[in-house]
2 protein chains.
Amino acid sequence: MRDTLKKAGMRWTKQRQQIYDEIIDETKHYTAEDIHSKLVNKKIFIGLSTIYRTLQLLEGKNIVKRVPIGKDATVYETCEEESHGHHHMHCSRCGKILEIHVDMLEDIEKIIKTKYDFTITGHTVMFTGLCSTCYHKAESDSRK
Amino acid sequence: MRDTLKKAGMRWTKQRQQIYDEIIDETKHYTAEDIHSKLVNKKIFIGLSTIYRTLQLLEGKNIVKRVPIGKDATVYETCEEESHGHHHMHCSRCGKILEIHVDMLEDIEKIIKTKYDFTITGHTVMFTGLCSTCYHKAESDSRK
DNA sequence: ATGGTTGCAAACTTTTTGCACTTCG
DNA sequence: CGAAGTGCAAAAAGTTTGCAACCAT
């Protein structure tokens with residue numbers, strides 16, 4: 001990331017390093033607010049606007065990407081190095097987000113390239129439904 | 001839609017009818033604002049908040065669904081009756097949204113049910129990349 | 001030195017909410 | 001009639017922006 005930014009003539013600042021530290025080991029999803037409060041907990045004070053600006057920057061550089069979760073704030077996740085990674089399942093009852101690790105889109109992407117001449121650089125898949133727990137709860141609710 | 005709402009003990013009002021008329025024949029995407037201004041153009045005045053409330057309601061009833069497009073406002077589309085329908089491709093250069101009509105997730109959904117016991121009721125797929133036009137433009141740009 | 005970067009506060013946008021009034025059933 | 005729905009205006013919530021000070025290179 002440091003090199004990517006430098007190559008683009010941008011600077012590697014203390015703030016960017018600190019944001020980077022927050023999101024790099026992160027397998028989870030986060031909003032600008034999330035990062036801000038995690039830093040505040042560590043007594044590190046960075047302006048919220050800096051975080052917004054940094055996330056936008058990193059999105060443009062394909063270091064983070066938005067995930068279509070959360071109807072209020074913009075949720076991001078750190079892009080994975082290898083291949084295409086995981087997908088999401090969103091339980092419409094409890095709101096939980098689960099990750100799926102199933103290889104699935106490789107073949108489809110080839111078809112799309114052939115059929116539509118669209119060059120794919122990334123994708124987001126979100127399944128909606130009921131997680132195991134909620135599915136069973138919903139069943140027993142309906143028996144009442 | 002009328003029956004769906006009535007069954008849930010909700011009322012079929014003039015406003016809901018008018019919003020319904022706007023979105024039903026719609027193959028496109030729309031925001032609350034879009035619907036509002038289309039109605040205003042037809043000299044129909046409905047409070048914006050009513051539209052927000054209605055869209056939320058319809059989302060819960062699976063009549064419309066959000067699509068992860070547009071970083072500013074919430075974009076919806078009307079759910080399709082049959083099967084699972086289409087998916088989206090978002091060109092990161094020109095911003096155009098293209099629709100893909102490729103059957104793809106049926107098999108994967110079965111796998112997910114078995115592997116994760118997650119009951120899928122819908123899904124959203126968004127591919128990011130370059131459309132044919134932009135891909136060729138980008139190529140020639142890099143030769144300059 | 002110089003131009004990208006930050007912090008702060010103010011501005012903006014989108015979405016939500018309280019409440020009195022209206023309307024469907 | 002009574003409960004659900006609407007409109008309006010005010011409030012929230014999230015995000016962006018202008019600008020002076022700051023600091024990597």
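Just so we're clear, the structure is a prediction, and the values are computed from it rather than from any experiment. Just so we're on the same page: letters track the sequence lines, and every chain starts at 1.
Here D/dG7 presents its C1' atom at 14 Å from CZ of B/Arg16, a figure rounded to the nearest Å.
For the segment residues 42-54 of chain B, the set of residues with a heavy atom within less than 4.0 Å of an atom of DNA chain C comprises B/Ser49, B/Tyr52, B/Arg53, in numerical order.
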Would you give me the side-chain donor-acceptor pairs under 3.5 Å for residues 112-120 of chain B, sequence neighbours excluded?
unit_1	atom_1	unit_2	atom_2	d
B/Lys113	NZ	B/Asp117	OD1	3.3
B/Lys113	NZ	B/Thr119	OG1	2.9
B/Thr114	OG1	B/Lys110	O	3.0
B/Lys115	NZ	A/His101	O	3.3
B/Tyr116	OH	A/His101	N	2.8
B/Asp117	OD2	A/Ser132	OG	2.7

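Note: the hydrophobic cluster containing A/Val64 does not contain A/Tyr52 (ILVMFWY, side chain heavy atoms under 4.5 Å, direct or indirect links). Tracing side-chain contacts under 4.5 Å through hydrophobic residues (I, L, V, M, F, W, Y), one reaches A/Ile19 starting from A/Ile24; they form part of the same cluster.
Partners of B/Thr50 under the side-chain hydrogen bond (donor to acceptor under 3.5 Å, both in side chains) rule, at least two apart in sequence or in another chain, do not exist in this structure. For B/Asp21, the side-chain hydrogen bond (donor to acceptor under 3.5 Å, both in side chains) test picks out B/Gln17, with sequence neighbours left out. Remark: B/Glu33 pairs with B/Thr31, B/Leu48 by the side chain to side chain contact (heavy atoms under 4.5 Å, CB included) rule, at least two apart or across chains. By the side-chain hydrogen bond (donor to acceptor under 3.5 Å, both in side chains) test, A/His36 is found to be paired with no residue, residues two or more places apart in sequence or in another chain being considered. Considering only residues two or more places apart in sequence or on other chains, B/Thr54 meets the side-chain hydrogen bond (donor to acceptor under 3.5 Å, both in side chains) condition with none of them. For B/Arg66, the salt bridge (Lys or Arg N to Asp or Glu O under 4.0 Å) test picks out B/Glu59, with sequence neighbours left out.
For B/Tyr76 (side chain) and B/Gln56 (main-chain N/O), no donor-acceptor pair under 3.5 Å exists by modelled atom type.
For the salt bridge (charged side-chain N to carboxylate O under 4.0 Å, His left out) condition, no pair includes a residue of residues 121-132 of chain A, sequence neighbours left out.
Closest non-hydrogen pair, B/Met89 versus B/Glu99, comes out as CE-O, 4.3 Å.
Comparing the helix axis at one end of the helix from C/dA1-D/dT25 to C/dG25-D/dC1 with that at the other, each defined from 5 consecutive pairs, gives an inter-axis angle of 40° (nearest 10°).
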- The contact string for nucleotides 20-25 of chain D, one letter per nucleotide 5' to 3', using protein heavy atoms under 4.0 Å with B, S and - for base, sugar-phosphate only and none, comes out as ---BBS
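For the atom pair CD1 of B/Ile23 and NZ of B/Lys28, the computed distance is 15.0 Å after rounding to the nearest 0.5 Å.
Nucleic acid contact class of A/Gln56 (heavy atoms, under 4.0 Å, all strands): sugar-phosphate only. A/Thr31 comes within contact range of no nucleotide atom at all, as no heavy-atom separation falls under 4.0 Å.
Close approach of DNA chain C to chain B, defined as any atom under 4.0 Å from a non-hydrogen atom of the protein, starts and stops at C/dT14 to C/dG25.
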